[in-house]
Enquirer: 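Next up is a structure, given as structure tokens.
On a predicted model such as this, the values are computed, not experimentally measured, just so you know.
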Amino acid sequence: MGKPTTSTLQKFITHLIIEQTTLRSNSRMYREFKHLHLPSIDAEIRQFWEDERIFERSVEQRPADQSFVFYEGPPSANGKPGIHHVISRTVKDLFCRYHTLKGKRVERKGGWDTHGLPIELQVEKELGITKEDIGKKVTVEEYNQACRSTVMRYKDLWDDLTRRMGYWVDLDNPYITFKNEYIESCWWLLQQLYNKKTAAGEPFLYKGFTIQPFSPAAGTGLSTHELNMPGTYKDVTDITVVAMFKVRYTAASGFLFDDTEEDLRILAWTTTPWTLPSNVALTVGPDIEYAKVKTLSPYTGSPVSVILAKDRLSAYFNPEDENQPFEDFAPGDKKLPYRVIRADIRGAELSGVPFEQLLPSPEIVTPELEEKGFRVITGDFVTTEDGTGVVHTAPYFGADDFRACKAAGVPFIGVPNPQNPDLPAPLVDRTGRFVQEVPLFGGRFVKEEYYHEEERRAPDFKPTDLLIALHLKEQNRAFRIEKYKHTYPHCWRTDKPVLYYPLDSWFIRASAARERMAALNKTINWKPASTGTGRFGQWLENLQDWNLSRSRYWGVPLPIWRTEDGEEELCVGSVEELRREADKAVAAGMMDTNPFTGSIETGFDLHRPYIDDVVLVSPSGKPMRREADLIDVWFDSGSMPYAQWHYPFENQEVFKNNYPADFIAEGVDQTRGWFYTLHAIATMVFDSVAYKNVVSNGLVLDKSGNKMSKSKGNVVDPFQTLEDYGADATRWYMMSNANPWDNLKFDQGGILEARNKLFGTLFNTYNFFALYANLDGFKMDEFKVLPYAQRAELDRWIISKLYSLVADFRAALDDYEPTKACRALEEFVDEHLSNWYVRLSRRRFWKGEMNEDKTAAYQTLFECLTVVGQLMSPVAPFFSDWLYRNLTAPVKEVAKAKNTPLRHDSVHLTDLVMPDNSKVDKALERRMDHAQRICSLALSIRKKEKLRVRLPLQKMLLPVLDATFIAEVDAVKSLILSEINVKQIEYVTDASGLLKKGAKANFKTLGAKLGKDMKEAAALIAAFSNEEINALEKTGSVQLSVNGASYDITPEDLIITTEDLPGWKVAVEGALTVALDVTLTPELVAEGMARDLVNRIQNIRKDKDFNVTDRVKVVVEPHEAIRPAVETFHDYIKAEVLASDLVLAEPSDGEAVELDGGVTVRVDVQVN
RNA sequence: AGGGCUAUAGCUCAGUUGGUUAGAGCGCUACACUGAUAAUGUAGAGGUCACCAGUUCAACUCUGGUUAGCCCUACCA
């Protein structure tokens, strides 16, 4: 992979040979080529760039104070690059190149993301170990070393892709996140946050407590990344319980009771019965309606009233059983009679209703909990999708529960915690067992999967969930017990279920900067805008604090040292500070030596495990140990604007010139990743945006819209793609097919289309230019440029189109709309330049001697090609440079000597052409558009009448549309006549009486005037006769009565068309009508035949590979059908085919050619 | 579950502030043109603009809802 195949090399060699032949013959000529082979062009240009340091020069030649700042989001080099990296890097590259052309200095420092779980996983896989083996089977030092060598595993592959796709980024001085300097900058940022206080006086960096996924079997917390690994979410069947919480009769709950003795319960469902001993509250939705139902306890038959959401009644009660006699029920019966007492209790009313603890644990419950807990609270997260609309709430085992209890002031339940007197320890320990204090179940694993296999297989084994359910049933506190299948996350390593468990973590108080982040976000230009306002904006509105802690080895260590009691704490913000603290510690006898005496580059390693050996001393003389956590790798990447320059320790000036970024681009999946962490750190530490413009590109899917994955085998190899089609066609396809923020259905057919359509057409156009320029000895002379005014209409038209394109193209890229820019350029090259300008100009190039008109044609085409090449160069950097160099090579020396615009070695060193309104002539563009439409209509008539284009026709009739029409058409008359092969144009006016007119309502102007009468008016107008239309045109107004109302109609309210010229062959498009005189005379037929003969002879010349300039002898077999043609147009034919002799005679040799009317004659063409 | 994006011809995509007959390229069919030949033109076939309601004289376009695909986030008890 990635290496040139033999066939490519051969093609390349062939390519070079062709080129050398050309060069040898005349080194000052334009290079000509047989075939277009983009990968060969890539190779040639790539070599040229490296030899001539074009990238470096493109940056250096721009002034340092004119910077356009770009940040590279660091990829991780421990995985191979994929095709999706090509699209995001194309986006990055093209805007950087574009702004370089506009004169900006665009530094592009590369970077590598080197920390994080994927690297740890890979290392463990390669060493054949698991996390538990770290420190046992391998030392942490060895582990650290292995990580170091793994992170750059595929760096060469990445660098290769970077070069092959033409992505210009500084590969020699990248920032690397594992370097001490980088880590030091991260520490500095963390210290800023640590010292900075919110408006409420709280530090931005704090230690807190949250509910996180935790694997007791592995004894570690899990990141969301780990939870998103394949196979972690599994279908499991759990025992679920609908528990009955007995309501206490108090002032707050009295309104619910019929009498003080009533047995009133609230129903709540849980899929994790093991959390019931930890229940301290029930959460209801404030706006959900709840019902009170009188019924019987299903398992005991005792009378009971229950409360649950009105919408959930049908899940627990069958309407058939409503109001059935209670006496008939026996415990265990399926039919449970019930009576709805009321169904209008809003959740908010239930708030504060107290209940008895479900599983009493008097030893554990504190007086504070007794007072503030065991009551109903409200929460927005409650739904009535399933369960009872009441959520059993155990704060230590659910993130929602935790938040709800905190918000409602409900204390947590737990046992005394030696580490933290303020927060009780949960009732489940870190191995997954109930603590001993839990009545009945103390010491049991909460999930059956945590027991050993043998224990689980024992005949009398019962899972804890089941034991709890059965206990509740006995106690008349269970309403329903059933199995329930759902998905539940599992630890990817142990395969055992995850618990949600309270863990200590360090947080960044991002929620305190929520408004500021939202406000700054509004100043960022998002592409597409919806990602900024939608996905990102709404995420900011609901921002939670950022959990920084990770229990890992390979990452940036949290620079916080604490005494054991947590009373004293130090956040270190630099190596220098750490060095000083270490000196103090050594002096105090905490450490033997100071590990940080060496240089930051090589003297020490700030990673674990080394950093863990550093014991500092507190002001009061106690030892301080480092908080064991590492920080989230996303903090690493969000720190890159500062850390890439080792700010603030070095490069303060550089940083100032390169902050914030003008532009960044990554995949849309980075919205809450890199885009967020950049924004968060910039807002909190610098009160600034980190970037002003951001393009988020979509995913690359396969041809059928499926995600690419190794298992599906639909992964596209980027190296192979670049190898097969070349970088430019691939890049162009990716930018032009769809907006980069839409998902791309990657189809190689699309690349082929880009290659044929755009690059093939441009290649042909260039080759056409080179062929004739070399024949005529034309060379662009920048000092003898013909003024536009002296050039042909067609030249001025294409120049006008070209500068319209320049304006459109620049506007699109200035607005970060690459797709619009690409499509505009494609249209210009294909529709205008190739299919109109070159096609109609061909004759000017190959006919006759050099003269002013011919020079004008060359200069015009030259200008189009150079400008197009320059415009497309940000997207197609190789082909455009190849084109530029081919076009400028013959004049390069002169241009350099005279310091003219063509002097640059590479298109990427040029200054982008400025929009120039003086070159744009919209009126000219409009009349050429007329010409094109007239030709199109005329050709369609020919087609319908089966009149081939080589057969000349006498006359075309054009009804005159308005005052300027004749002048407009006359200006382009000769083009029209030769294009459609007609002798003359005749204009027809009303006065001729030939025209049959029609009228249509102009809905836009009439709609506002007529309103409801619009429909009928349109019908009336459509029925207007010639006379009525003429009358309106003459008087300028007419009255139209519709449904009794009368309206004043003006000519603007109608669209008048010529429908027909009776007796003529007519084609109509919109207002434009074309009629052809299809009468054939012997003269016309002979001329047509002469042109056919010319065509056949030219084909023979081409087949025989004659040189374009060879003169020939032609012998044509005599035939009655062609005799008039050969006789009348003898000189014409000779001139066209460069024949010295043309005779009608029996040829001795030659080919049989077929002519109109099934005539076949033999023609012999020989070089003189 | 929440949020976001997308839905127009067989395929890839345009479609301006609502306005008449919804377009282009590729592919298919037929016929042309060409001293640019891995191109090009003309014509044809191919559409209930995902679905349902609403606003309006008029909806692909605006509003609300539904469905499907994808992405991000999420222990739904």
Enquirer: Rounding to a whole Å, what distance do you find between A:M1014:CE and B:A59:P?
Expert: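 Those two atoms, CE and P, are 13 Å apart.
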Enquirer: Give me the ring orientation class for A:Y501 and A:F397: parallel if the planes are under 30° apart, tilted from 30 to 60°, perpendicular past 60°.
Expert: tilted
Enquirer: Tell me: CH2 of A:W526 to P of B:C5, nearest whole Å?
Expert: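 It works out to 13 Å between those atoms.
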Enquirer: On RNA chain B, nearest-nucleotide positions of A:V949 versus A:A1001: which is more 5'?
Expert: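 Its nucleotide being nearer the 5' end, the pick is A:A1001.
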Enquirer: Would you say a side-chain N or O of A:K757 is under 4.0 Å from OP1 or OP2 of B:U40?
Expert: yes
Enquirer: By nearest heavy atom, map A:R839 and A:D1092 onto RNA chain B; which one lands nearer the 5' end?
Expert: A:D1092
Enquirer: Please tell me if A:N737 has a side-chain N or O lying less than 4.0 Å from either OP1 or OP2 of B:C13.
Expert: yes
Enquirer: Return the value, rounded to whole Å, for the distance between atom CZ of A:R842 and atom P of B:U40.
Expert: 14 Å
Enquirer: Nearest to the A:R823 side chain among B:C26, B:A36, B:A14, which nucleotide is it?
Expert: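 Of the options given, the side chain of A:R823 lies nearest B:A14.
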Enquirer: Could you tell me whether A:E817 and A:R823 have a side-chain N and a carboxylate O separated by less than 4.0 Å?
Expert: no
Enquirer: Among B:U20, B:A39, B:G25, which is the nearest nucleotide to the side chain of A:N1002?
Expert: B:U20
Enquirer: Base, sugar-phosphate alone, or nothing: which one does A:Y501 contact when heavy atoms must sit under 4.0 Å apart?
Expert: nothing
Enquirer: Could you check whether A:G760 gets within reach of a base, just the sugar-phosphate, or nothing at all, counting any heavy atom under 4.0 Å?
Expert: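 Nothing, no nucleic acid heavy atom in range.
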Enquirer: Go ahead and name the base partner of B:C75; Watson-Crick or wobble counts if both distances stay under 3.5 Å, otherwise write none.
Expert: none
Enquirer: What orientation do A:F33 and A:Y766 show, parallel under 30°, tilted 30 to 60°, or perpendicular over 60°?
Expert: tilted
Enquirer: Once you round it to whole Å, what is the distance between C1' of B:C75 and CZ of A:R403?
Expert: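 Atom CZ in A:R403 sits about 11 Å away from atom C1' in B:C75.
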Enquirer: Remember a base hit wins even if backbone is also touched, and classify A:Q538 as base, sugar-phosphate or nothing at under 4.0 Å, heavy atoms.
Expert: sugar-phosphate
Enquirer: Is there a Watson-Crick or G-U wobble partner for B:G44 with both distances under 3.5 Å, and which nucleotide is it?
Expert: B:C28
Enquirer: Taking only Lys NZ, Arg NE, NH1 and NH2, and the carboxylate oxygens of Asp or Glu, determine whether A:R948 and A:D1092 approach each other closer than 4.0 Å.
Expert: yes
Enquirer: Touch check for A:T531, heavy atoms < 4.0 angstrom, all strands: base, sugar-phosphate only, or nothing?
Expert: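 Counting heavy atoms under 4.0 Å across all strands, no contact is made by A:T531.
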Enquirer: Check the orientation of A:W732 and A:F759. Use parallel for under 30°, tilted for 30 to 60°, and perpendicular for over 60°.
Expert: perpendicular
Enquirer: Rounded to the nearest angstrom, tell me the gap between atom CG in A:L701 and atom P in B:C70.
Expert: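 Answer to the nearest Å: 9 Å.
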Enquirer: Which base, if any, makes a Watson-Crick or G-U wobble pair with B:G18, both distances under 3.5 Å?
Expert: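 Pairing partner, where one exists within any strand: none, as none qualifies.
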Enquirer: Nearest whole angstrom, please: distance from the P of B:U42 to the CZ of A:R948.
Expert: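 In whole Å, B:U42 P and A:R948 CZ are 20 Å from each other.
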Enquirer: For B:A9, which nucleotide in any strand shown is its Watson-Crick or wobble partner with both distances under 3.5 Å?
Expert: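 With both distances under 3.5 Å required, B:A9 matches none.
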Enquirer: What nucleic acid atoms does A:N1095 come within less than 4.0 Å of, heavy atoms only: base, sugar-phosphate, or nothing?
Expert: sugar-phosphate
Enquirer: So A:L36, base contact, sugar-phosphate only, or nothing? Heavy-atom distance under 4.0 Å.
Expert: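 Answer is base: heavy atoms of A:L36 come under 4.0 Å of a base.
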Enquirer: Touch check for A:N743, heavy atoms < 4.0 angstrom, all strands: base, sugar-phosphate only, or nothing?
Expert: sugar-phosphate
Enquirer: Separation of A:F402 atom CZ from B:A74 atom C1', in whole Å?
Expert: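 Those two atoms, CZ and C1', are 18 Å apart.
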Enquirer: Whole-Å distance between B:G3 C1' and A:L543 CG?
Expert: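 Computing the A:L543:CG to B:G3:C1' distance gives 15 Å.
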Enquirer: So that I can tick it off, tell me whether A:R839 and A:E979 are bridged by a salt bridge, with the cut-off set at under 4.0 angstrom between side-chain N and carboxylate O.
Expert: yes
